[in-house]
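Both ligands and their constituent atoms are indexed starting at 1 by order of listing. Quick caveat, the model's predicted, so the values are computed rather than measured. Nothing fancy with the numbering, it's 1 onward along the sequence.
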Amino acid sequence: MTTALPLDRTYAEQLDAADPLARFRDSFARAGGNQIYLDGNSLGPLPLATQARIAEVVSQEWGAGLVSSWDHWVGLPRETGDLVGEHLVGAAPGQTLVSDSTTVNLFKLVNAALDAQPGRRVIITDDDNFPTDRYVLQGIAAQRGCELRMIHTDLDEGVSEDALRSALGPDVALVSLSHVAYRSGALADMPRITDLVHDCGALMLWDLCHSIGAVPIELDASGADLAVGCTYKYVNAGPGAPAILYVRTGLQSRLRQPVWGWFGQADQFAMGPAYDPVPGIEHFATGTPQILGTVAVAEGTKLLGEAGMARLRAKSVTLTGYLIYLADQWLAPHGFSLASPRADARRGGHVTLSHPDAWRISQALIAAGVTGDYRTPDRLRLGPAAVITRFTDIWDAMDRLRTIMADGTYSSLAPPLSRVT
Ligand SMILES: *Cc1c(COP(=O)(O)O)cnc(C)c1O
């Protein structure tokens, strides 16, 4: 956004009045008072429909139906996966499954992919990928005696296609990258990078944790092989809700996942002597699925589907562009700089600002009624989920931040102590 915008609050009020998604704000439980929540990329808010649906599942399906409810519960991970495929990740039915956590799904898919690429012993990821991704890949490389090749990523600009190109070669089995970088919000070019990886015969796995529900995703159209993603961020499915995994149809019969659980077994209730995996995406299931969490994934997905990912993305780009504009005008003079890509097309749903005293400022901001979060080394991360955030929320949050900076009392706050930042 390069054109000058009005800096008064009336402009934000006008944008809110013209917002076609404004009514979705009332579909969520909200914090009291004038609390502003800009942490939808860490834990999304509670949809009222989810609250009601879970209460119903608990009292009717579990409380009254008891074990007979498994008749329809058993299909939920796959049905909900198809719903996610349709509304959020651009996947035709039969390729997306709700299952386990992102960490566990990564472990399953990476091992399966490596087994399917004999003769290739290199995994590529980047040194600013999310910690659990790097750790899982380190563990797998150590267990299997293969090489984990780390490409260097700029903390603010995201994955470099040149660095990836130089690291690729005939020995590479798999490339695993985040679609939106958790720290900076940098958005990777999924189709271009997937093509690059396929050109050298490797498989491509995308981690969608910070993009699912924030940016439109086209897994099928981009030719992606594998994907994982969590549902408690922009999908609003609640703390610890199960994750998703995606395996492209053409690849499914070539992969065998390493956790041989009974929910991936053909004719499960025959309780047969040997593991004989069911064909299709359900092969990637493990044990008994988490039903309440899966129900929450379905409700969260339906709500975003109703709003529409194209409209959500359009609003998100305007929200984050406005936030950056106000930060340039009001906060840059106080020592803030932008730690996210400036171009709209290169940004996901959140914006990161850096300041040497970011930790104390983030604490002062919480005390002033604005929830964002702190990220190392000196970053303030603001994630305005488009489905609930108003333009006046952005104006108010930035106004409170400039007041904190002008006032300066944040500098006497204590240094970091909390385990969760
Ligand atoms: C949030 C996030 C995770 C979380 O993984 P869990 O197994 O749900 O704890 C993983 N990867 C990325 C990129 C994330 O942003």
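Exactly one of R256, R144, R254 qualifies for a salt bridge (Lys or Arg N to Asp or Glu O under 4.0 Å) with D115. That residue is R144.
A salt bridge does not link D19 to R390: none of the charged side-chain nitrogens sits closer than 4.0 Å to a carboxylate oxygen.
The ring pair (Phe, Tyr, Trp, His ring centres under 6.0 Å) analysis of residues 164-207, with sequence neighbours excluded, yields the pairs F130-Y182, H179-W206.
The residues lining ligand 1, counting any heavy atom closer than 4.0 Å, are S101, T102, T103, F130, T132, D133, S178, D207, C209, H210, C230, Y232, K233.
The aromatic rings of Y374 and W359 lie perpendicular to each other, with more than 60° between the two planes, well past the 30° mark.
A pairwise comparison of heavy atoms in T96 and A91 identifies OG1-CB, 3.6 Å as the closest pair. When all heavy atoms of V74 and P77 are compared, the closest pair comes out as O-CD, 3.6 Å.
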